[in-house]
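Below is one structure, written out as structure tokens; the observations come after it.
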Amino acid sequence: MSPIFFCVSINGKHFVTTEIEHPAVMQTFSYLERNGFEVTYVPVLESGQVSPAAVAAALRPDTIWVSIMFANNELGAIQPIEDIAKIVHSHGALFHTDAVQAFCNIPIDESRMGIDLLSLSGHKIYGPKGIGALYVKNGVNLHPLLHGGMQEAGQRAGTENAPAIVGLGCAAKWMHDDMHTRTAAISDLRDYFENCILNEISDTKVNGAASNRLPGHSGLTFTRVRSRQLINILSDFGIYASTGSACSCLANMHSYVLRAIGLTDSEIEGTIRFSLGKENTISDIDQVINVLKSAVSECRKAN
């Protein structure tokens with residue numbers, strides 16, 4: 001659930017976000033628009049990053065809230081959060097970031113970066129599913145979404161799920177303690193993977209390659225390939241990739257994130273995303289490359 005629903009100091013009716021937010025944020029803003037608020041969706045560059053100047057241009061005197069994800073779930077592109085937050089605060093608005101992908105994968109200093117609110121999720125850091133957290137800066141007053149109890153300092157009523165909370169805490173500590181060595185190793189694997197793909201499979205490109213990216217994300221576009229067909233072939237070999245956000249995969253529509261960075265419908269059709277984790281090895285990567293070369297060739301012959 002987006003923390004946007006919690007905002008209590010409403011002295012305006014305007015929100016700002018980007019065109020590439022996760023559906024959890026996009027659908028929340030859509031709800032707000034249906035209830036009388038106004039939202040500006042800032043476009044992004046081909047790299048998948050949003051320009052701080054574009055955010056500044058979108059702000060209005062009645063802007064009350066800006067929500068921009070720390071790192072994109074389909075591209076891995078990391079946003080200039082600190083620069084954006086300074087601009088937002090200079091206009092007197094609150095700044096929220098969806099850090100689900102970034103948390104424990106890149107360093108986050110919420111105080112230095114000027115983050116007012118930050119949301120995260122346990123399942124992205126090997127923690128339990130169904131548990132998340134909202135960081136709220138001291139001095140930011142929120143109205144609770146749920147009523148009936150004084151749990152969480154009166155911010156969220158309801159008995160806490162203690163096992164899931166403990167699991168989230170343990171996962172966060174575990175992932176934070178080895179973050180630098182783990183992410184460096186994963187970055188090396190991703191770079192090796194992408195270089196091999198680009199050198200061995202023609203008419204292929206890496207999306208968001210020009211941006212600062214998360215270590216474990218690799219979005220690849222294969223021309224003359226249908227991504228669903230390619231994913232089905234890979235899954236037969238125990239290799240699992242995705243065509244976009246897992247939360248919108250059943251919607252049977254082209255990725256609005258890929259469209260926002262300028263990909264055509266045919267390019268979007270041939271795009272899949274690989275995610276690398278702490279247990280992957282060079283041997284895993286070599287196996288995927290060998291299968292992928294054969295699978296792409298098979299798809300292109302069929303099309």
Side-chain angles (χ1 to χ4, degrees), residues 1-33 35 37-42 44 49-73 77-122 124-125 131-146 151-157 168 172 176:
M1 179 66 68
S2 170
I4 291 169
F5 281 120
F6 289 88
C7 188
V8 67
S9 300
I10 303 248
N11 54 10
K13 64 175 184 178
H14 182 239
F15 295 85
V16 174
T17 189
T18 75
E19 294 181 347
I20 63 169
E21 299 297 310
H22 188 275
V25 171
M26 297 292 269
Q27 293 301 317
T28 299
F29 279 121
S30 178
Y31 172 86
L32 290 172
E33 287 182 295
N35 285 272
F37 291 93
E38 298 178 8
V39 181
T40 296
Y41 298 89
V42 179
V44 296
Q49 293 177 307
V50 61
S51 164
V55 175
L59 295 172
R60 305 186 334 201
D62 62 342
T63 303
I64 56 177
W65 189 291
V66 176
S67 181
I68 294 176
M69 66 195 328
F70 208 114
N72 184 262
N73 54 302
I78 299 171
Q79 304 296 349
I81 293 298
E82 186 172 355
D83 293 339
I84 293 171
K86 288 179 181 177
I87 293 171
V88 172
H89 290 155
S90 71
H91 282 72
L94 288 174
F95 180 69
H96 163 258
T97 185
D98 165 7
V100 168
Q101 293 287 337
F103 183 65
C104 287
N105 285 313
I106 54 176
I108 299 176
D109 185 332
E110 69 283 351
S111 179
R112 177 179 59 81
M113 293 178 172
I115 297 170
D116 297 311
L117 301 107
L118 178 150
S119 49
L120 59 95
S121 183
K124 292 297 182 181
I125 57 170
I131 182 68
L134 174 66
Y135 160 80
V136 182
K137 180 181 177 181
N138 286 337
V140 175
N141 297 316
L142 302 177
H143 187 70
L145 174 65
L146 303 177
Q151 291 88 351
E152 305 293 343
Q155 292 298 304
R156 187 186 187 281
L168 172 60
H176 180 270

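Keep in mind that this is a model prediction, so the values were computed, not measured.
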Are side-chain heavy atoms of [X] and [Y] found at a separation under 4.5 Å?
X: I20; Y: Q79; value: yes
X: V55; Y: V50; value: yes
X: T63; Y: V88; value: no
X: W65; Y: H96; value: yes
X: T97; Y: I84; value: no
X: H22; Y: M69; value: yes

For E38, salt bridge (Lys or Arg N to Asp or Glu O under 4.0 Å) partners two or more places apart: K13, R60
NE2 (H176) with more than 12 external heavy atoms under 6.0 Å: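 For H176, atom NE2 is not crowded (no more than 12 foreign heavy atoms under 6.0 Å).
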Distance in Å, E82 CD paired with F95 CZ, rounded so as to fall on 0.5 Å steps: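 The distance works out to 10.5 Å.
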Separation between CD1 of I68 and CD1 of I115, rounded to the nearest 0.5 Å: 11.5 Å
F15 and F37 aromatic ring geometry - parallel, tilted or perpendicular at 30°/60° bounds: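 If you compare the ring of F37 with that of F15, the planes turn out perpendicular.
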By side-chain hydrogen bond (donor to acceptor under 3.5 Å, both in side chains), which residues pair with [X], not counting sequence neighbours?
X: H89; value: D116
X: S51; value: none
X: Y41; value: E33

Which pair of non-hydrogen atoms, one from [X] and one from [Y], has the smallest distance, and what is that distance?
X: A85; Y: M113; value: CB-O, 3.2 Å
X: A172; Y: C104; value: O-SG, 3.6 Å
X: T18; Y: M26; value: O-SD, 3.7 Å
X: A71; Y: I78; value: CB-CG1, 4.1 Å
X: D98; Y: S119; value: CA-OG, 3.6 Å
X: V42; Y: A54; value: CG1-CB, 3.6 Å

State which residues pass side chain to side chain contact (heavy atoms under 4.5 Å, CB included) with [X]; sequence neighbours excluded, sorted by chain then number.
X: V136; result: L117, L134, V140, L142
X: A56; result: I87
X: A133; result: L120, L168

Salt bridge (Lys or Arg N to Asp or Glu O under 4.0 Å) pairs, two or more places apart, involving residues 16-32: none
Side-chain donor/acceptor of T40 to backbone N/O of V16, under 3.5 Å: no
Listed once per pair and sorted, the side chain to side chain donor-acceptor pair (under 3.5 Å) pairs that draw on residues 99-109, sequence neighbours left out: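 Only Q101-H217, N105-R182 qualify under side chain to side chain donor-acceptor pair (under 3.5 Å).
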